[in-house]
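Right, one structure below, let's go through it.
Treat the numbers as computed from the prediction; the structure is a model and nothing was measured. Each chain gets a letter, A, B and so on, in the order its sequence line appears, and its residues count up from 1.
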Protein chains: 2
Amino acid sequence: MIYSSELIKGTLKTIVLKLLADNKKMYGYEITQRVKELTFDKIQITEGALYPSLHSLEADGLVTTETEFIGKRVRKYYSLSATGKTKTKEKVSELADFMETMKFLLDIKTNTA
Amino acid sequence: MIYSSELIKGTLKTIVLKLLADNKKMYGYEITQRVKELTFDKIQITEGALYPSLHSLEADGLVTTETEFIGKRVRKYYSLSATGKTKTKEKVSELADFMETMKFLLDIKTNTA
DNA sequence: TCAAATACATTGGATTCTTATGTATATTTG
DNA sequence: CAAATATACATAAGAATCCAATGTATTTGA
């Protein structure tokens with residue numbers, strides 16, 4: 001089962017930011033694979049969604065980039081800026097709050113972690 | 001605090017369907033007020049978002065409508081069709097699953113209900 | 001060797017929401 | 001009683017965000 005794509009909307013950037021917060025630096029392809037793996041294939045980030053999203057995070061100054069060459073192939077690493085770290089905490093806690101509200105609204109019982 | 005609008009995207013129809021499942025029949029304005037009240041003003045559904053959404057649910061055969069007159073004013077009630085009831089269960093459980101996945105992904109601990 | 005995987009990126013189109021506007025009736029308050 | 005606010009529907013233009021498709025190129029593994 002793969003979630004219908006509407007659900008991803010609005011959470012993609014938060015997912016990416018959180019991953020970067022946990023991993024210091026990651027490159028695009030790595031992010032897609034990590035998410036796929038962590039969610040047991042239920043969330044599959046497409047490249048058409050990810051790259052524009054990363055570029056927009058960079059344009060907003062939330063992430064910085066450094067390019068590396070692996071053989072002849074380019075690899076572009078993304079890291080959180082100071083602003084990005086603050087923003088990540090904000091977005092993660094907003095999403096947590098939103099999920100609590102939705103749980104109440106839909107009367108969903110979540111499992112205890 | 002009001003959630004940033006990206007978060008609502010993709011969940012609006014599920015919210016509406018769930019409310020209709022619990023309340024048999026509701027009209028548009030009532031839905032906006034109920035959601036506002038249930039979420040302590042944190043989710044405010046705009047009319048520009050709600051009405052097109054309701055119309056699309058009707059076009060897809062998930063809801064049926066009946067018009068009533070309260071004095072001279074029109075009131076349009078929405079109810080779930082049989083298909084709508086099935087679809088509601090699917091969407092609510094998909095959203096519940098998605099929220100579990102997001103909780104894991106973001107390492108968010110939700111409170112026990 | 002040749003398919004699959006790795007790795008970047010962009011473009012066109014669909015969907016979905018916001019903001020603004022429009023119309024009209026009903027109720028509350030100064 | 002006039003004016004503001006609330007009730008109640010609706011649409012249209014524009015922004016944002018994502019998907020599918022496409023493109024380029026290198027590397028790995030069967």
Side-chain angles (χ1 to χ4, degrees), chain A residues 2-17 19 25-37 41-60 62-63 65-78 91 95 98 102, chain B residues 2-17 19 25-37 41-60 62-63 65-78 91 95 98 102:
Chain A
I2 298 174
Y3 299 126
S4 62
S5 58
E6 317 101 64
L7 290 178
I8 314 297
K9 289 194 186 184
T11 59
L12 178 58
K13 278 186 184 172
T14 307
I15 293 173
V16 171
L17 289 172
L19 279 182
K25 74 177 191 179
M26 294 182 86
Y27 54 98
Y29 187 77
E30 187 184 11
I31 292 173
T32 64
Q33 297 309 302
R34 188 69 59 87
V35 170
K36 190 167 181 270
E37 170 193 315
D41 296 7
K42 288 194 277 190
I43 298 181
Q44 298 192 18
I45 300 179
T46 59
E47 295 171 296
L50 180 65
Y51 289 115
S53 189
L54 284 170
H55 298 161
S56 130
L57 289 172
E58 191 180 8
D60 291 345
L62 303 181
V63 299
T65 59
E66 39 178 324
T67 301
E68 262 184 35
F69 277 89
I70 308 296
K72 286 182 180 174
R73 194 151 58 191
V74 169
R75 186 179 281 177
K76 200 164 163 187
Y77 279 100
Y78 292 84
K91 297 211 86 174
L95 184 50
F98 178 72
M102 285 301 293
Chain B
I2 298 173
Y3 299 125
S4 62
S5 56
E6 315 101 65
L7 289 178
I8 314 297
K9 289 194 185 183
T11 59
L12 177 57
K13 279 187 183 171
T14 307
I15 292 172
V16 170
L17 289 172
L19 279 181
K25 73 177 194 180
M26 296 183 84
Y27 54 99
Y29 186 77
E30 188 184 12
I31 292 173
T32 65
Q33 298 308 302
R34 187 69 59 85
V35 170
K36 189 167 181 270
E37 171 192 316
D41 296 8
K42 289 193 276 190
I43 298 181
Q44 298 193 19
I45 299 179
T46 60
E47 294 171 297
L50 182 66
Y51 290 115
S53 188
L54 284 170
H55 298 161
S56 128
L57 289 173
E58 191 180 8
D60 291 345
L62 302 181
V63 300
T65 61
E66 39 180 323
T67 302
E68 261 182 36
F69 276 90
I70 308 296
K72 285 183 183 175
R73 194 153 57 192
V74 169
R75 187 179 281 178
K76 200 166 165 187
Y77 280 100
Y78 291 84
K91 297 210 86 174
L95 185 49
F98 178 72
M102 286 300 293

- Note on the structure: The nucleotide from C:dC17, D:dT17, C:dA7 with an atom nearest the side chain of B:Glu6 is D:dT17
- Query: To the nearest Å, how far apart are B:Arg75 CZ and D:dA10 P?
  - Reply: 13 Å
- Between CD1 of B:Ile31 and C1' of D:dC9 the distance, given in whole Å, is 13 Å
- Message: With a 4.5 Å cut-off on side-chain heavy atoms, are A:Lys13 and B:Glu6 touching?
- Response: no
- Query: Side chain of B:Tyr29: nearest nucleotide among D:dT26, D:dT7, D:dC18?
  - Reply: D:dT7
- B:Thr46 side chain near C:dT18 phosphate (N/O to OP1/OP2, under 4.0 Å): yes
- Whole angstrom value for the distance that separates C1' of C:dT18 from CG of B:Leu50: 14 Å
- Note on the structure: When rounded to whole Å, the OH to P distance for the pair A:Tyr3 and D:dC18 reads 17 Å
- Message: Counting the atoms with a prime plus P, OP1 and OP2 as sugar-phosphate, which does A:Arg73 contact under 4.0 Å by heavy atoms, base, sugar-phosphate, or nothing?
- Response: base
- Item | Residue pair B:Leu50 / B:Val16, side-chain heavy-atom distance below 4.5 Å | yes
- Does a side-chain N or O from B:His55 land closer than 4.0 Å to OP1 or OP2 of D:dC9, or not? no
- Under-3.5 Å donor-acceptor pair between A:Glu47 side chain and C:dC8 base: yes
- Item | Within-4.5 Å side-chain heavy-atom neighbours: A:Leu54 and A:Val63 | no
- Closest nucleotide among D:dC19, C:dC17, C:dT6 to the B:Leu12 side chain: C:dC17
- Message: From CG of B:Leu7 over to C1' of C:dT18, roughly how many Å is that when rounded to an integer?
- Response: 15 Å
- Tell me whether the OP1 or OP2 atom of C:dA9 has a side-chain N or O from A:Lys76 closer than 4.0 Å. yes
- Query: Taking the nucleotide of DNA chain C with the closest heavy atom to each, which residue, A:Val74 or B:Lys13, is nearer the 5' end?
  - Reply: A:Val74
- Pairwise 5' ranking along DNA chain D for B:Gln33 and B:Pro52, keeping only the more 5' one: B:Gln33
- Query: D:dC9 phosphate, OP1 or OP2: any side-chain N/O from B:Tyr51 under 4.0 angstrom?
  - Reply: yes
- Integer-rounded Å distance: D:dC18 P and A:Ile15 CD1: 9 Å
- Rounded distance (Å) that lies between atom P of C:dA7 and atom CZ of A:Arg34: 12 Å
- Using a cut-off of 4.0 Å on non-hydrogen atoms, how would the nucleic acid contact of A:Lys9 be classed: base, sugar-phosphate, or nothing? base
- Task: Taking the side chain as every heavy atom from C-beta outward, state whether B:Thr11 and A:Phe98 have any atom pair closer than 4.5 Å.
- Result: yes
- Query: Just checking B:Gly48: base, sugar-phosphate only, or nothing, at a heavy-atom cut-off of under 4.0 Å?
  - Reply: base
- For B:Glu68 and C:dA26, give me the distance from atom CD to atom P, rounded to whole Å. 15 Å
- Message: Which residue in the set A:His55, A:Lys76, A:Glu58 passes side chain to side chain donor-acceptor pair (under 3.5 Å) when paired with A:Thr65?
- Response: A:Glu58
- Would you call B:Ile2 and B:Lys42 a side-chain contact if the rule is heavy atoms closer than 4.5 Å? no
- Message: Is there a side-chain contact between A:Tyr27 and the phosphate of C:dA7, meaning an N or O under 4.0 Å from OP1 or OP2?
- Response: yes
